[in-house]
Peer 1: 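Let me give you the structure first, and then I'll get to my questions.
Any value given below was found using the heavy atoms of this structure, including those in side chains, with hydrogens, waters and symmetry copies removed.
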Amino acid sequence: MTDSSATVRPDRRAELAAGLAQVRARIADACADAGRDRAEVTMIAVTKTYPSSDVVALAALGVSDVGENRDQEAAGKAAEVAAAGVSPRWHFIGQLQRNKARSVVRYADVVHSVDSVRLARALATAAADRERPLAALAQVSIDGAPGRGGALPDSADADSGLEPVAAAVAEASTLRLAGLMAVAPLGWAPERAFARLAEVAEAFRAVHPGATALSAGMSGDLEIAIRYGATHVRVGSALLGMRSTLR
Ligand SMILES: *Cc1c(COP(=O)(O)O)cnc(C)c1O
C-alpha cells in the first residue's frame, strides 16, 4: 500500500461515480426543464476539505473543472494533482485577500470572487507572469449588504461598486472579464436571489457583451440557478459528500 495522496480506494471511486451520475442527471433535467442546451452549463466540482486523490478520481471520471475556496488548501492540492499528471481547470471561488493574489494566480485558471477594485488590481499585477490572461468574474452581492463579500450592483463606490470593479478587470491586460458570480444570501429564497441576479447579469452584459459567464447555484439550488441562466454551477456536497465543517 502506497501512501501517495493521489491514490483513491475503489469504494471511494464508486461513491464519487455515483454522486457524479446523480449531479449530472440533475443538471441535464434542469437544462431540459429550462429549455436550455446542456452544453451551456459547466459543473465545477467543489473539492474543499477533500483530498487531492478525490480530484484525481473525479478527473478520471471526466470532471474537467474543480473549485476551491481557500488558497492555503488549494495551493498544495493543485500541486499534488499536477504531480499525479492530471490538469483540471482550477476555479478559485472563495473570499480572497489581496496578499494571496500572488499564490492564487499560479494555479487558478479562473477567479470567481473579485469584489473590489483593490483586489482586481492586486490580481492584475500578480498575473503579469502568466502566459494567458487570468479569467476573472466579478462577485455580486445580491442583497447589497456591504462587508459580506460581493460588489454592489447599484453603487458607484470607487472600491466596491460593481461597475468600478468590472472596469478595473476589463482594463487590465493580464485579466479577462469573464462574467459574474454570486451566492444566494442566507435567508433569501433561491428563486428571489437568482431572479435578482439574472436582472443584474442582463444589465451587466449590455455594458460588457463578452462577459457571459454566470456562476451561480450549489448543491441545494442548482436547478433554480440553471432556470435563471447559470452557466457554471459549483457543486460540493452533492458530489463528494457532506463536509464535516461548515464551509
Ligand atoms: C462550498 C461552496 C460551494 C459548494 O457548496 P455545496 O453546498 O457543498 O455544493 C459553492 N460555492 C462556494 C462559494 C462555496 O464556498
Peer 1: Hey, is K48 close enough to E73 for a salt bridge, meaning N to O under 4.0 Å?
Peer 2: no
Peer 1: Using a 3.5 Å distance criterion without hydrogens, assess whether the side chain of S219 forms a donor-acceptor pair with backbone atoms of A238.
Peer 2: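 Answer holds: yes.
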Peer 1: How far apart are the closest heavy atoms of A201 and L214, and which atoms are they?
Peer 2: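 A201 and L214 have their closest heavy atoms at CB-CD1, 4.1 Å.
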Peer 1: Does the side chain of V55 come within less than 4.5 Å of V86's, by heavy atoms?
Peer 2: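 Contact flag for V86/V55 side chains = no.
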Peer 1: State, to 0.1 Å, how close A135 and A178 come at their nearest heavy-atom pair, and which atoms those are.
Peer 2: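 In terms of heavy atoms, the two residues are closest at CB-CB, 4.3 Å.
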Peer 1: Do you know which two heavy atoms are closest between R36 and A230, and how far apart they sit?
Peer 2: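 Looks like NH1-O, 2.8 Å.
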Peer 1: Check whether D157 reaches the backbone of S160 with its side chain - one donor and one acceptor, N or O, closer than 3.5 Å.
Peer 2: yes
Peer 1: So do D33 and R227 actually touch side chain to side chain, heavy atoms under 4.5 Å?
Peer 2: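 The answer is no, as the side chains (C-beta and beyond) never meet within the 4.5 Å cut-off.
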Peer 1: Checking side chain to side chain contact (heavy atoms under 4.5 Å, CB included) for the pair V56/V8: CA distance, chi angles, key distance, verdict?
Peer 2: CA-CA 8 Å; V56 172; V8 67; over 6 Å; no
Peer 1: Can you tell if the side chain of T49 reaches within under 4.5 Å of the side chain of R243, non-hydrogen atoms only?
Peer 2: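 T49 vs R243: side chains touch.
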Peer 1: Which value, rounded to the nearest 0.5 Å, describes the distance between E40 atom CD and T212 atom OG1?
Peer 2: 10.0 Å
Peer 1: Taking all heavy atoms of A184 and all of F194, pick out the closest pair and write down the distance.
Peer 2: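 Taking every non-hydrogen atom into account, CB-CZ, 4.1 Å.
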Peer 1: Output the distance between atom CG (L177) and atom CG (L137), rounded to the nearest 0.5 Å.
Peer 2: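 Here the rounded value is 7.5 Å.
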Peer 1: Distance only, no hydrogens: is a donor on one side chain within 3.5 Å (strictly under) of an acceptor on the other, for E163 and H208?
Peer 2: yes
Peer 1: Quick one: closest heavy-atom pair of A216 and A225, and the distance?
Peer 2: O-CB, 3.4 Å
Peer 1: Show your reasoning for whether side chain to side chain contact (heavy atoms under 4.5 Å, CB included) applies to I44 and V66.
Peer 2: CA-CA 5 Å; I44 299 170; V66 179; 5.7 Å; no
Peer 1: Would V117 end up clustered with V104 when hydrophobic side chains under 4.5 Å apart are linked, directly or stepwise?
Peer 2: yes
Peer 1: By side-chain contact (heavy atoms from CB on, under 4.5 Å), which residues pair with A145, not counting sequence neighbours?
Peer 2: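 Expected list: D143, R148.
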Peer 1: For the pair E80 and K77, evaluate salt bridge (charged side-chain N to carboxylate O under 4.0 Å, His left out) and give the outcome as yes or no after the intermediate values.
Peer 2: CA-CA 5 Å; E80 287 172 9; K77 206 180 287 184; over 6 Å; no
Peer 1: May I ask you to check whether E191 and Y228 show a side-chain donor-acceptor distance below 3.5 Å?
Peer 2: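 On atom types as modelled, these side chains qualify, holding a pair under 3.5 Å.
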Peer 1: Using the rule that two of Ile, Leu, Val, Met, Phe, Trp, Tyr join whenever any of their side-chain heavy atoms come within less than 4.5 Å, decide whether M181 and V165 are in one cluster.
Peer 2: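 Different hydrophobic clusters.
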Peer 1: Kindly write out the residues that satisfy salt bridge (Lys or Arg N to Asp or Glu O under 4.0 Å) with D221, not counting sequence neighbours, or none if the list is empty.
Peer 2: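 Scan of D221 (salt bridge (Lys or Arg N to Asp or Glu O under 4.0 Å), adjacent residues dropped) gives none.
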Peer 1: Considering residues at least two apart in sequence or located in another chain, which fulfil the salt bridge (Lys or Arg N to Asp or Glu O under 4.0 Å) criterion with R12?
Peer 2: E15, D54
Peer 1: Going only through I, L, V, M, F, W and Y residues with side-chain contacts under 4.5 Å, is there a path from L197 to W188?
Peer 2: yes
Peer 1: Are V114 and L162 linked, directly or through other ILVMFWY residues, by side chains that come within less than 4.5 angstrom of each other?
Peer 2: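 Yes: a chain of side-chain contacts under 4.5 Å links V114 to L162.
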Peer 1: Decide whether I142 and I224 are clustered together by the hydrophobic rule: side chain heavy atoms of Ile, Leu, Val, Met, Phe, Trp, Tyr closer than 4.5 Å, transitively.
Peer 2: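 Hydrophobic grouping puts I142 with I224.
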Peer 1: Atom CZ of residue position R26 - does it have more than 12 heavy atoms of other residues, nucleotides or ligands inside 6.0 Å?
Peer 2: yes
Peer 1: Run R234 and V183 through side chain to side chain contact (heavy atoms under 4.5 Å, CB included) and show every step you take.
Peer 2: CA-CA 10 Å; R234 308 177 306 266; V183 179; 3.5 Å; yes
Peer 1: List in chain and number order the residues that pass ring-ring contact (aromatic ring centres under 6.0 Å, His included) with H91, two or more places apart in sequence or in another chain; answer none if no residue qualifies.
Peer 2: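 If we apply the ring-ring contact (aromatic ring centres under 6.0 Å, His included) test to H91, skipping adjacent residues, the hits are H112.
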Peer 1: Given a cutoff of under 4.5 Å between side-chain heavy atoms of I, L, V, M, F, W and Y, with clusters grown through shared members, what are the other residues clustered with V23?
Peer 2: L16, L20, I27, V41, M43, Y50, L58, L61, V63, L222, I226, V233, V235, L239, L240
Peer 1: Examine distances only and state if a side-chain atom of S52 and a backbone atom of V81 form a donor-acceptor pair shorter than 3.5 Å.
Peer 2: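 Not a single qualifying donor-acceptor pair exists.
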Peer 1: Would you check if V169 and R176 make a side-chain contact, meaning some heavy-atom pair closer than 4.5 Å?
Peer 2: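 SC-SC contact between V169 and R176 ruled out.
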Peer 1: Residues in side-chain contact (heavy atoms from CB on, under 4.5 Å) with A127, at least two apart?
Peer 2: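 Once residues adjacent in sequence are excluded, the partners of A127 under the side-chain contact (heavy atoms from CB on, under 4.5 Å) criterion are V105, R130, L134, T174, L175.
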Peer 1: Atom CG of D115 and atom OG of S141: how far apart are they, to the nearest 0.5 Å?
Peer 2: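 The CG atom of D115 sits 9.0 Å away from the OG atom of S141.
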Peer 1: Side-chain contact test, heavy atoms from C-beta onward, threshold under 4.5 Å: evaluate it for S64 versus R89 and give yes or no.
Peer 2: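 S64 reaches R89 side chain to side chain.
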Peer 1: Quick check: closest heavy atoms across M242 and S237, and the distance to 0.1 Å?
Peer 2: SD-CB, 3.8 Å
Peer 1: Is a donor on one side and an acceptor on the other found under 3.5 Å between the side chain of D159 and the backbone of S116?
Peer 2: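 No, the answer is negative, given that no donor and acceptor are paired below the 3.5 Å cut-off.
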Peer 1: Could you state the interatomic distance from CD (E223) to SG (C31), rounded to the nearest 0.5 Å?
Peer 2: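 Output value for this atom pair is 10.0 Å.
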Peer 1: Does the N69 side chain pair with the main chain of Q95, one donor and one acceptor, at a distance under 3.5 Å?
Peer 2: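 Pair absent, no side-chain N/O of N69 close to backbone of Q95.
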Peer 1: Taking C-beta and beyond as the side chain, do S53 and R9 meet within less than 4.5 Å on heavy atoms?
Peer 2: no
Peer 1: When rounded to the nearest 0.5 angstrom, what is the spacing between CZ in R132 and CG in D109?
Peer 2: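 Answer for the CZ-CG pair, R132 versus D109, is 6.0 Å.
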Peer 1: Apply side chain to side chain contact (heavy atoms under 4.5 Å, CB included) to F92 and V110, showing your working.
Peer 2: CA-CA 6 Å; F92 192 86; V110 188; over 6 Å; no
